[in-house]
Each structure stands twice: as structure tokens, then as C-alpha cells.
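Labels below follow one simple rule: chain letters A, B, ... track the order of the sequence lines, proteins then strands, and each chain is numbered from 1. Just so we're clear, the structure is a prediction, and the values are computed from it rather than from any experiment.
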Amino acid sequence: MELNPKVPSGPIEQRWDRHRFEMKLVNPSNKRKHTIIIVGSGLAGASAAASLAELGYHVLCFCFHDSPRRAHSIAAQGGINAAKNYRNDGDSIYRLFDDTVKGGDFRAREANVYRLAQLSGNIIDQCAAQGVPFAREYGGQLDNRSFGGAQVSRTFYARGQTGQQLLLGAYQALECQIHAGHVEMYPRTEMLDLVVVDRQARGIVARNLLTGRIESYAADAVVLATGGYSNVFYLSTNAKNSNATAIWRAYKRGAAFANPCFSQIHPTCIPVTGHYQSKLTLMSESLRNDGRIWVPVQNRDRRPPNQIPEIERDYYLERRYPSFGNLVPRDIASRAAKEVCDEGRGIGKHGLGVYLDFAEAITRSGVAVIREKYGNLFEMYERISGENPYEVPMRIYPAMHYTMGGLWVDYNLMSTITGLFVIGEANFSDHGANRLGASALMQGLADGYFILPYTLSGYIAAAKLDQVSLDCPAFQDCKSQLTDRVKRLLSIKGERTVDSIHQELGKLMWNNCGMVRNECGLQQALEQIPRIREEFWCNVNVLGGEDEINQALEKAGRVADFLELAELMCLDALERAESCGCHFREEFQAPDGEAQRDDEHFCNVSAWEYTGDQRKPVLHKEPLKFEYVTPTRRSYK
Amino acid sequence: MHLTLHVWRQKDTRVKGKMVRYHADDINPDMSFLEMLDVVNWQLIENGEEPIAFDHDCREGICGSCGMMINGVAHGPRRATATCQLHMRYFKDGDTIYIEPWRSSAFPVLKDLIVDRSAFDRIIQAGGYISVSTGSAPEANSVLVSKQDSDRAMDAATCIGCGACVAACPNGAASLFTSAKISHLALLPQGQPERQRRVIKMIEAMDHEGFGNCTMHRECEAVCPKAISTDFIARMNREYLCSLLKG
Ligand SMILES: Cc1cc2nc3c(=O)[nH]c(=O)nc-3n(C[C@H](O)[C@H](O)[C@H](O)COP(=O)(O)OP(=O)(O)OC[C@H]3O[C@@H](n4cnc5c(N)ncnc54)[C@H](O)[C@@H]3O)c2cc1C
Ligand code: FES
């Protein structure tokens with residue numbers, strides 16, 4: 001397998017422009033003759049589908065939701081970054097680029113990140129024109145706020161519902177194209193495998209979730225925009241149905257999986273309350289702008305927060321990181337919370353929580369201002385916890401949130417399978433070992449609106465694409481394998497629910513491959529995962545039929561894939577014998593407890609190649625060169 | 001907590017459904033309503049019975065997937081709260097709870113508590129957008145929007161498309177949903193060029209999908225998980241009349 005990142009040469013500011021100029025164009029009248037499959041209609045997929053359809057391609061778009069408007073992107077709260085410098089506070093494309101590379105702890109490709117920063121402004125223009133009701137100043141201009149890991153205000157937002165509004169913008173653009181007949185939308189249809197013909201991605205096989213029918217679809221190129229895989233951990237902030245099946249199947253068909261162990265924990269989530277917990281709810285990081293994080297100085301201090309006097313409170317982030325304070329990047333904030341809880345200073349019933357306190361902000365700015373900024377988040381908190389955050393501090397704890405890892409892509413967003421493109425959270429691209437807040441929405445939309453439409457056209461213009469038939473062996477074999485797999489899942493009829501096995505896997509992953517990792521724990525996980533997998537295939541109980549709505553069956557298929565992916569994550573975490581960003585290996589820390597990178601050995605992307613179920617995957621390394629931002633130790637002190 | 005549930009079970013669109021009684025034992029008040037159903041489902045699977053099917057995804061009250069009639073009220077007893085955000089602390093030990101799917105001829109039941117809401121997508125397709133091809137947008141701050149208009153547009157845009165408004169309406173009207181999108185776009189300068197066409201097309205689509213007529217019962221506002229105001233329906237009606245007169 002060859003990993004050629006295809007990064008154009010020349011000064012970084014000019015690379016994207018030059019590359020766009022050098023790519024071949026497709027004759028407008030020919031575009032209609034090319035069918036493009038897009039799997040996923042979240043921010044990345046919907047924006048790509050709409051944009052490609054506008055260009056004239058024939059687009060087939062798939063999602064497992066009942067409507068594209070429900071994709072997980074809808075839940076993003078805080079905002080989207082763009083280097084507009086509207087605040088005149090020193091922001092620039094270069095600064096956003098620099099912040100993102102540093103925030104990612106020098107494990108992302110410079111040229112990709114620069115392009116992302118360059119396109120960030122266009123995204124805001126596009127979305128504002130679509131009618132996204134971004135927050136405004138009294139003068140009518142767009143408002144901004146600041147977010148973790150940055151000292152400038154560059155985050156655009158729509159109350160606490162930025163993802164919802166951006167997704168509705170993209171969804172509406174998509175619906176417009178569906179109406180015009182340029183996109184065929186397949187909702188409630190789940191891609192179960194990728195079809196590769198003559199080493200080109202030429203289609204997918206998918207299950208209609210209403211009728212259970214397994215159908216094949218052919219195209220000239222396939223785009224995966226299927227989101228992240230945080231749900232390996234069972235409990236995460238992701239929507240319940242988010243899963244890894246599409247990218248995992250593509251991996252097994254030859255797409256390299258990059259940095260699978262790079263998963264991000266979000267510091268501000270509502271703590272777990274019991275074994276029945278089905279997901280974790282995030283409280284937007286923007287709350288850290290006004291909320292102060294603290295725990296009692298004393299161990300096991302069980303007094304209610306308002307009875308703990310100021311001097312007996314430890315505002316540990318402000319103490320340890322005076323210049324960034326409560327706004328340090330996510331990985332640092334999360335580990336710091338874990339540390340104080342491990343010391344026994346955690347709050348709440350289980351001692352797994354810290355306070356996020358708005359008392360001072362409310363005194364300073366008044367309830368009205370705080371309500372205006374965070375009203376819906378406060379309400380959401382109250383609904384879930386039964387406590388009023390205007391009166392008592394919120395209780396928060398870190399939770400699994402985002403996966404920087406994903407399918408490896410080159411500068412054109414093409415995977416190691418020719419004709420298979422991967423966009424949004426599903427690819428590994430721009431965030432290195434740690435994503436900064438408000439950068440995922442930016443990346444998903446940059447990929448979908450502004451990058452893929454060019455690079456995919458470049459591919460179509462240059463590729464030699466023979467006719468493929470749905471009757472060819474590649475499609476037929478794939479379809480019959482999937483039919484067998486469904487039958488097999490339904491015939492096990494064991495004793496355990498899919499959820500109970502998923503919970504077991506999740507717990508193992510959280511403990512051994514979560515916020516902190518070490519060799520022994522990872523080895524242990526690598527021994528246990530195959531055992532859980534075996535338990536699943538021998539003892540799971542999936543009821544119901546194959547030719548009807550069967551949610552247990554859907555879940556079972558997804559968990560079966562998580563059970564394989566988990567192993568690759570642990571392997572990758574074990575192999576990367578350094579700490580960087582969110583990947584914190586206990587053995588590799590500086591004397592002050594911060595992550596210790598090893599640039600000499602690990603300044604690379606780790607891309608894994610599948611070689612068979614019984615064989616260890618092969619690791620390929622894409623070296624990372626830093627020509628513009630000099631790798632330094634991150635410091636937020 | 002121990003509860004008695006009566007849940008609508010229906011195999012698919014073709015066969016008739018019926019209410020089935022279940023016991024929900026050891027329910028914790030901190031559970032969400034859907035977590036309570038998860039626990040019931042685990043129990044059902046252990047007993048070899050098919051779990052209750054219901055749509056859900058974000059479980060944060062934002063995707064609009066979830067939704068059921070709980071004791072006859074769309075999304076249950078708490079104001080401005082989607083089913084996934086409803087917690088069991090609002091029920092009492094020993095309660096009996098009736099759980100049914102949305103009831104509307106425009107939302108056929110697909111299985112148990114799952115209904116087909118694709119009619120909403122088709123209403124949006126008819127005109128619920130601003131046509132702006134990728135790349136053709138002007139610099140964002142070149143179009144100013146007063147904070148008041150933008151806030152008001154946001155109030156409407158916060159609709160999650162769950163369908164509770166339709167389920168609660170005695171006429172099965174989709175006016176709150178449709179008016180929220182029309183108002184969102186009509187309040188913004190970017191939405192002006194297509195304003196008249198949009199309202200006419202969307203109302204046509206709404207009628208075509210078989211939704212009922214709005215007679216202002218305002219049940220929709222009472223159950224809307226985002227507390228969207230029926231003022232937007234009045235605005236839609238004005239928009240419609242003006243557009244017909246001008247058109
Ligand atoms: C609670 C929360 C808050 C967040 N807040 C922010 C924020 O403030 N700012 C920010 O920048 N980022 C934020 N993020 C991250 C960001 O929301 C996501 O990374 C981003 O939305 C992912 O978009 P996507 O288009 O790649 O994937 P998704 O939105 O996950 O979409 C995936 C799509 O793929 C489809 N799909 C998946 N698998 C299949 C299959 N096998 N077959 C068919 N269809 C399939 C789904 O139906 C869906 O349409 C947040 C994330 C969470 C969880
Ligand atoms: S599950 Fe998303 S709104 Fe309830």
C-alpha cells in the first residue's frame with residue numbers, strides 16, 4: 001500500500017489555488033452522466049451532495065435517519081470557527097492555521113490545515129446567505145465568541161444550536177436539489193459494504209431499514225461522510241445511532257485507517273447517574289467563557305457548594321494555567337478533572353464530577369445576559385439533572401466526544417482506494433491528535449462545500465471509468481455475504497442483549513483506552529476484546545425478522561463492527577509509544593504531568609492496512625513535515 | 001419506582017395494532033423516558049419478546065427523531081420538553097402510562113411507535129430554502145441583519161421537525177411546522193427574493209400532503225418541545241394573503 005499525500009509544492013498560501021488550477025475540469029454537459037454516491041447527509045454529506053448536484057452531477061445520497069435533517073451534526077452546540085478577524089483582535093488565516101496545528105499537538109498535515117483556515121471565511125459567507133440565523137451585534141454585524149484553545153474571538157454561533165442551524169442550511173440546500181431532481185435521496189437506508197471493481201470504488205450495498213431488502217447501487221465515485229466512531233465506548237456524547245460500519249467496511253476493502261486511537265474526551269458533560277445511562281450529554285464548551293471550574297480543596301468534602309467558602313475552593317485550571325485558565329484545550333481540561341477526582345476531591349454522588357460555577361458571571365453581568373448567552377443550555381441541564389444552574393453550580397465530568405482518527409485521505413480527500421473519498425469526521429484529516437472546539441463544523445463544511453466539489457471533479461475528469469453492472473461478481477458476492485451475515489446474526493439466539501455486550505466493550509475501552517492509557521492496560525484490552533467478540537457471536541440474542549424494521553438487528557451489525565474496530569484502536573494506542581494531544585500514555589509524561597511527545601519516532605500519521613481477519617494489520621507511516629509551524633511543546637500556562 | 005405501561009404495538013403499516021400491557025420495575029427517577037423504555041426492552045428481550053420500536057437518536061432534544069403520545073399528550077407532561085428529555089422524576093411510583101405513536105393520517109405508523117414523517121421533508125422541498133449555489137455568496141457582513149430580526153428568525157428556526165404539533169392538533173394541521181420555516185426565512189433579508197413564491201408553494205405542499213386546516217386551537221404551541229409560538233402561524237397567513245394579492 002502506498003501512502004502518497006499528494007500535497008502540492010510551493011508556498012503554503014498558494015498551494016490550494018494552484019492545485020485547483022492544475023486539476024482537470026469535467027465538461028459541464030458531461031457531469032450529468034456521472035453518478036456519485038454520497039453516504040451520509042450530516043454537515044459534510046449534505047453540503048457535498050447539494051454542491052455536487054448544483055454542479056450537475058447525478059447524486060445518490062444515503063442516510064440511516066428518516067430524514068437528512070436528523071444527522072448527528074444537528075447536536076453541535078457551541079459554534080464554528082472562521083478567521084474573519086471581525087473583532088480586529090489579531091486573528092488571521094495564519095493564526096487559525098497555527099492554532100489548529102498546535103492544538104493538534106503537531107500530528108496533522110500542515111497543507112490541509114492551512115487550506116481549512118483559508119476556506120473558513122467562505123463557509124460563514126455561504127451559511128449566512130442560506131439564512132442561517134447567526135448571532136448578531138446591535139449594528140447588524142455577526143457576533144463572535146471565544147472558544148477553548150484560542151486567544152482570539154473567532155467563533156460564530158447561533159445561540160447554543162449552531163450545528164442545528166448549519167445543518168438545516170445544508171439540508172435545505174439538499175432538499176432544493178432533491179426537488180430539482182438532481183439528487184436521489186435514500187433515507188432509512190444503511191450502507192453495509194463498499195464495492196470495489198478493478199481497484200476502483202464503484203458502489204455500495206445497502207439495507208433498506210423499512211423492508212430489510214439488501215440492494216446494490218453503482219456509481220463513478222463513492223463519498224463517505226458517515227461521521228465519527230466515539231460510540232465504540234458505548235457512552236459518549238454522540239447520537240445513539242452514530243456508528244463506524246461504513247468506514248470499517250471500507251477499511252476491510254482496502255482503505256487505510258489512520259490514527260484510530262486519537263479520540264477526544266470533552267471536559268464539560270453531565271456526569272453519569274446509573275447503569276441504565278444510555279448516552280452522555282455535553283454542555284457546550286462555550287460555557288467555559290463565563291463559568292469557573294472548581295473542586296473543594298479538601299478531600300471528600302460533602303458540603304453543598306454554597307457552603308464551601310472561597311478559600312476552600314480550588315479553581316484548579318486558573319491555578320495551573322494562569323494565561324488560558326478555564327479555556328485550556330479539551331484534553332488538558334479533561335485530564336485535570338480526572339486528576340482532581342482521582343485525588344478524591346470529585347463532587348456528586350459518585351465523586352466523579354467537578355463544579356462549573358456561574359455565580360461570579362451572574363453577579364458581574366446579570367442573569368439576563370447569562371440567559372441570553374446560554375439560556376437553552378441551562379434549561380437542558382436543568383431538565384436532565386433536576387438542578388437549576390442559575391442557583392447552584394453545574395456538575396460536569398469528561399466524556400468521550402469526537403474521533404480525530406478515521407480513514408486516511410490524501411490532500412484531495414481520497415482514501416487509499418481509488419475513487420473512494422472520505423469527508424467530515426469520518427476522515428482523519430485536519431485535527432491531529434486533538435481537535436479544537438468549533439473546528440469540526442468548519443472542517444465538515446469546508447470538505448463538503450469547498451474542497452470535495454473540486455477534487456472529485458478532478459478525479460472524474462482524469463479517471464478511466466468502465467461501465468459496471470450490478471450483476472458483476474463484485475456486487476453479487478458482496479450482496480450474498482451481507483445476506484448471510486444478517487441471517488447469522490438472527491440465528492445465534494443466545495442469552496445476551498446487544499446493549500449488554502456493547503456496554504461491556506465500552507467500559508473496557510473507557511478504562512483501558514480512554515483518557516489515559518498505558519502498556520499494561522492496552523495489552524489487557526487486546527486480550528479481552530477477542531473474548532467479548534466471541535461472546536457476541538456465540539451468545540447474542542437478536543429477535544425479530546430480516547424483512548422488516550428491526551432495530552435490534554441494526555444495532556447488532558454496528559456493534560459487531562465496533563468489536564473489531566476497538567481492537568485496532570488499542571493496537572494503535574499501544575504502538576504509539578508517546579503522549580500527544582488526547583493520546584496520553586502514562587509512561588510518557590513530562591515531570592509536570594504534561595504530555596511528552598516523541599517527535600523523533602512518532603512525527604507521523606499511523607495508517608493501518610487490513611490484511612485479513614486472523615492477521616495483524618500492517619502499519620504504514622506517513623511522515624509529517626513542519627515547514628511553517630515549528631514543533632514546540634504545547635504550553636497553556 | 002414501579003409503573004404499568006400500555007404500549008401501542010403494531011407490526012407494520014398493513015396490520016392493525018393494539019395496546020399491550022407491560023410492567024416497568026425498578027425505574028430510577030433520574031432515568032430519561034427513553035432510558036425507561038430501554039430497560040423495559042432489555043427485559044422483553046430476555047423474555048424472548050420483540051423490543052418496542054421507537055425512533056430516537058440524539059437524546060438531547062434536538063434531532064427531532066423521538067416523539068410519542070404519553071398519556072394522550074405529545075411528548076408527555078413537561079412543557080417545552082421532547083420525550084428524550086423527559087425524566088422519570090415527573091412520574092409517581094405506581095403510575096399507569098399510556099404510550100402511543102403520533103396519530104395523523106399524514107404520518108402513517110410504520111411499526112410500534114415509529115411513524116413516517118417524510119411529508120415534512122416534502123414541504124421543505126417545495127420551497128423551504130434560500131437558493132444560493134455554493135460559492136456565490138457575498139461577504140457575510142455585507143448584508144446586515146438587525147439583532148431583533150435575527151433573534152426572531154432564530155426563534156422560528158429552532159423547530160426540530162418532530163411532528164408533535166401535527167399529533168396534538170385536532171385537525172392534524174402542519175401549520176406550526178410550516179409557518180416556522182416560512183417565518184424564519186421571511187424575517188431575514190436573504191430570504192426576500194423568494195418570499196412570495198415560497199409561502200405559496202409550501203402551503204400548497206402542506207395541503208397536498210393531507211394535513212388538516214388550522215383553526216387556531218393552539219394545541220401545537222402547548223406541546224412544542226421548542227415552545228414555538230403560534231404567532232408564526234398568523235405571520236404565515238398574512239404572508240400568504242399578501243403573496244396571493246401581489247401574485
Ligand atoms: C454534542 C456535540 C456537540 C458538538 N459541538 C460542536 C461544536 O460546537 N462545534 C464543532 O465544530 N463541532 C462540534 N461537534 C462535533 C461535530 O458536531 C461533528 O464532528 C460533525 O457534526 C460531524 O459531521 P459529519 O457530517 O462528519 O457526520 P454526522 O453529522 O455524524 O453525519 C453522519 C451521516 O452519515 C449517515 N450514516 C452513517 N453511517 C451510515 C451508513 N452506514 N449508511 C448510511 N448512512 C450512514 C448518518 O445517517 C448521517 O447522515 C459536536 C459534537 C457533539 C457530539
Ligand atoms: S432523540 Fe433527538 S430529539 Fe429526542
For the candidates [options], which exhibits the highest count of non-hydrogen atom pairs separated by less than 4.5 Å from chain A?
| options | result |
| --- | --- |
| B/L188, B/D30, B/L34, B/D12 | B/D30 |
| B/N41, B/L185, B/V132 | B/V132 |
| B/P138, B/A153, B/A156 | B/P138 |
| B/H87, B/R122, B/K111, B/Q190 | B/H87 |
| B/I124, B/D116, B/L86 | B/I124 |
| B/N28, B/D38, B/T13, B/D112 | B/N28 |

Using atom types as modelled and distance alone, determine if a side-chain donor or acceptor of [X] lies under 3.5 Å from a backbone N or O of [Y].
| X | Y | result |
| --- | --- | --- |
| B/D57 | A/N241 | yes |
| B/H184 | A/P133 | no |
| A/R69 | B/D121 | no |
| A/Q126 | B/G135 | yes |
| A/Q164 | B/T158 | yes |
| A/R136 | B/S146 | no |

Q.
Salt bridge check, B/K147 against A/E372: does any charged N sit closer than 4.0 Å to a carboxylate O?
A. yes
Q. Picking from B/E60, B/H56, B/E35, what satisfies side chain to side chain donor-acceptor pair (under 3.5 Å) with A/K279?
A. B/E60
(Q) When you compare the side chain of B/I130 with that of A/Q172, does any pair of heavy atoms fall below 4.5 Å? (A) no
Q: Find out whether A/Q161 and B/I160 are in side-chain contact, i.e. whether some heavy atom of one side chain is under 4.5 Å from a heavy atom of the other.
A: no
Most chain B-contacting option - heavy-atom pairs closer than 4.5 Å, from [options]:
| options | result |
| --- | --- |
| A/R496, A/E54, A/R383 | A/R383 |
| A/G544, A/A71, A/G163, A/A135 | A/G544 |
| A/T497, A/L167, A/L168, A/N238 | A/T497 |

Q: Check whether B/D151 gets within reach of chain A through its side chain, its backbone, both or neither, counting any heavy atom under 4.5 Å.
A: both
